[in-house]
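Reading through the C-alpha cells given below for one structure.
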2 protein chains.
Amino acid sequence: MEKKTKRTKQSINREELESRILRSAEALFAEKGYSGSSMEAIAMSANISKQNLIYYFPNKELLYQRVLKEMLDIWIEKLSFLEAHGDTPEAVIRRYVHEKMQLSRLYPNGSKVFAHEIISGAPVLKEYLISHLKPQFDRDVEIVKSWINKGLIQNVDPEHLFFTIWAATQTYADFSVQMEVLLGRTKLDENDFSRAEEAVTSFVMRAIGAKKNNE
Amino acid sequence: MEKKTKRTKQSINREELESRILRSAEALFAEKGYSGSSMEAIAMSANISKQNLIYYFPNKELLYQRVLKEMLDIWIEKLSFLEAHGDTPEAVIRRYVHEKMQLSRLYPNGSKVFAHEIISGAPVLKEYLISHLKPQFDRDVEIVKSWINKGLIQNVDPEHLFFTIWAATQTYADFSVQMEVLLGRTKLDENDFSRAEEAVTSFVMRAIGAKKNNE
DNA sequence: GAATGACTTGTCTTAACGGTCAGCAATAAG
DNA sequence: CTTATTGCTGACCGTTAAGACAAGTCATTC
C-alpha cells in the first residue's frame, strides 16, 4: 500500500485529498452552479471540514478555476485533433468525434461545469477562449478548408461543422437527464453511448460526404 | 370566487410590469443561474424595489418557475412539429430546424435558463419532461420510424436524430459567447444565424439522405 | 524525542440573501 | 366625496454564506 517514492505520507495524502476535493467540487458545481455550491457543502461532500477545505483552496473562486482548468487540460490533451496524421479526413474526423464522445462519457461533470460557465457568458474562461481556443480553431478550420479544396470532402461550412460536432457530442454529457427521461433510462449506459456515437458519427460522415463503410 | 379581468389602468400596468420583471429575471437567471441571481438584483434590473418585486412574485422559486414556463409555452407552441401536414419528411424536418433555430435567435435567455436547468438535473422540470416531452417525443420518433419503413428517408437512428438536431440548434443560443469569440464577432448577427441555419439544415438533410437542391 | 513545519478544527465576524410586516399612496368603485 | 381595493415602501428579522484567526494535532527531520 505504501509507495516506494520520496513522496512522504503527507504529500501523498495531500494529492489524494486535493483531487478528492476537486472531484467533489466538480460534481457540486455541475449540479448547483457556482453560486449554488457553498464551500461548506463541498467540504461535506469531500468529507472534510470547511476550514480544511479553505486551507487547501484559500477561496471559492480559485477552487472553481482549478476545476475548470482540470477539465480543459484533459480536453486539450485529448483533442489535439487534427495534428499531423497520415490519416484520411474521414478517419481524422471519426476519431475526433470518438474522442469528444468519450470525454462526454468519462467526464460529464467537468463538461457540465464548462457548459454552465460558457452559458453564463464565460466570465472566467473568456480570455482562455480567445488566447487558446481560437488559434487552434482557426488552424483546424483551415485544414478542413484545404480538404474541401482538394476535393477530399464535400463542401461544408467548416466553422459550423465544428460547432455541430461539439454540440452533438457534448449534449450527451450536459443534457443527459433529458435523454434519460426520453429514452426511459435511469442512467445512460455503455450501450446508449455506443449507439449515440454511431448515430453522431454516421451523421457527420454523411455531412462531409464520406462513403460509410459501416452500414 | 372568479376573477374578472377588467382592463383598468392598474391591470394594464400590472401586466406591463410583470413581463418586465420576467424579462429581467430571465436575463439574470441566464447569466448567473438561479442561486447567483438575487431578488434584489432582479428588482434593480427591472427598476423596482425588492419589496415590490416580492409583491408581484411572492418568492424566488415561483418567479423562476414562471420564467421557465414562459419559455416552454413558446417552445410548445412553435414546435408542434410533426403534427399533420401533407409535407414531405424533408420539408417537415427543414421547417423543424428552422423553427428551432429561430427560437435560439429570438429567445436566447430563455434557452439558457432552460439549459442551466437541465444541466443541473432538471430539479424543477423533470416532472414536466416525463409528462409532456416524452409522450410527444415518442410520437415523433414513431413518425420518423414510419418514414424510414416507407423508404422516404435513410435509415437513421430516430432518437439520436432528434438529440442531434436539438443540440446543434440550441447551441447557437447557449454557447453563443464561444461562437462569438471563435468567429470574431461581438454579437452573432442575422447573417451568422442564417449561415448557421443553412449549415445545420444541410447537415441534417444529408443525414436523412435528402437530395439537396442547392448543391 | 524534541523542534519544525504541515495539517486540522472551533469560534467568530461581516455581509448578503430571502422574506415579513405595518403602514402609506394611488386608483377604482359606490 | 367616501370608501375599499390595489400597489408600493422602509424598517426589520432569521439564516446562511465566505472567510479570518488562533489554537491545537500530527508527521517528518534532526
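To find a chain, count down the sequence lines: A is the first, B the second, and so on, and within it residues start at 1. Just so we're clear, the structure is a prediction, and the values are computed from it rather than from any experiment.
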Would you indicate, yes or no, if C:dC7 has its OP1 or OP2 atom less than 4.0 angstrom from a side-chain nitrogen or oxygen of A:R14?
-> yes
For B:Y128, enumerate each residue passing the ring-ring contact (aromatic ring centres under 6.0 Å, His included) test, keeping only those at least two apart in sequence or located in another chain.
-> B:H132
B:H116: partners by ring-ring contact (aromatic ring centres under 6.0 Å, His included), with sequence neighbours left out = A:H116
Please list all pairs meeting salt bridge (Lys or Arg N to Asp or Glu O under 4.0 Å) that have one or both residues in [range], counting only residues at least two apart or in different chains.
{"range": "residues 172-182 of chain B", "answer": "B:E180-B:K187"}
{"range": "residues 118-135 of chain A", "answer": "A:K134-A:D138"}
{"range": "residues 66-76 of chain A", "answer": "A:E18-A:R66, A:K69-A:D73"}
{"range": "residues 48-58 of chain B", "answer": "none"}

In residues 33-52 of chain A, which residues come under 4.0 Å of DNA chain C by heavy atom?
-> A:S49, A:Q51, A:N52
Numerically ordered, the residues 55-62 of chain B set in heavy-atom contact under 4.0 Å with DNA chain C is B:N59, B:K60
Round to the nearest Å and state the distance from [X] atom [atom1] to [N] atom [atom2].
{"X": "B:L28", "N": "C:dC17", "atom1": "CG", "atom2": "C1'", "result": "15 Å"}
{"X": "A:L53", "N": "C:dC7", "atom1": "CG", "atom2": "P", "result": "15 Å"}
{"X": "B:K32", "N": "C:dA16", "atom1": "NZ", "atom2": "C1'", "result": "14 Å"}
{"X": "A:E16", "N": "C:dA6", "atom1": "CD", "atom2": "P", "result": "20 Å"}
{"X": "B:E18", "N": "D:dG7", "atom1": "CD", "atom2": "P", "result": "9 Å"}

Mind checking side chain to side chain contact (heavy atoms under 4.5 Å, CB included) for B:S49 and listing every partner two or more places apart, or none if nothing turns up?
-> B:Q51, B:N52
Can you list the residues that meet the side chain to side chain contact (heavy atoms under 4.5 Å, CB included) rule with B:A25, with sequence neighbours excluded?
-> B:F29, B:I42, B:L63, B:V67
Do the rings of A:F175 and B:F114 sit parallel, tilted or perpendicular, given the 30° and 60° boundaries?
-> tilted
Is the shortest side-chain N to carboxylate O distance from A:E142 to A:K145 below 4.0 Å?
-> yes
Do any pairs count as a side-chain hydrogen bond (donor to acceptor under 3.5 Å, both in side chains) and have a residue in residues 28-43 of chain B, sequence neighbours left out, and if so which ones?
-> none
Give the stems involving DNA chain D, where a stem is 3 or more consecutive Watson-Crick or G-U wobble pairs (i with j, i+1 with j-1, and so on) under 3.5 Å.
-> C:1-30 with D:1-30
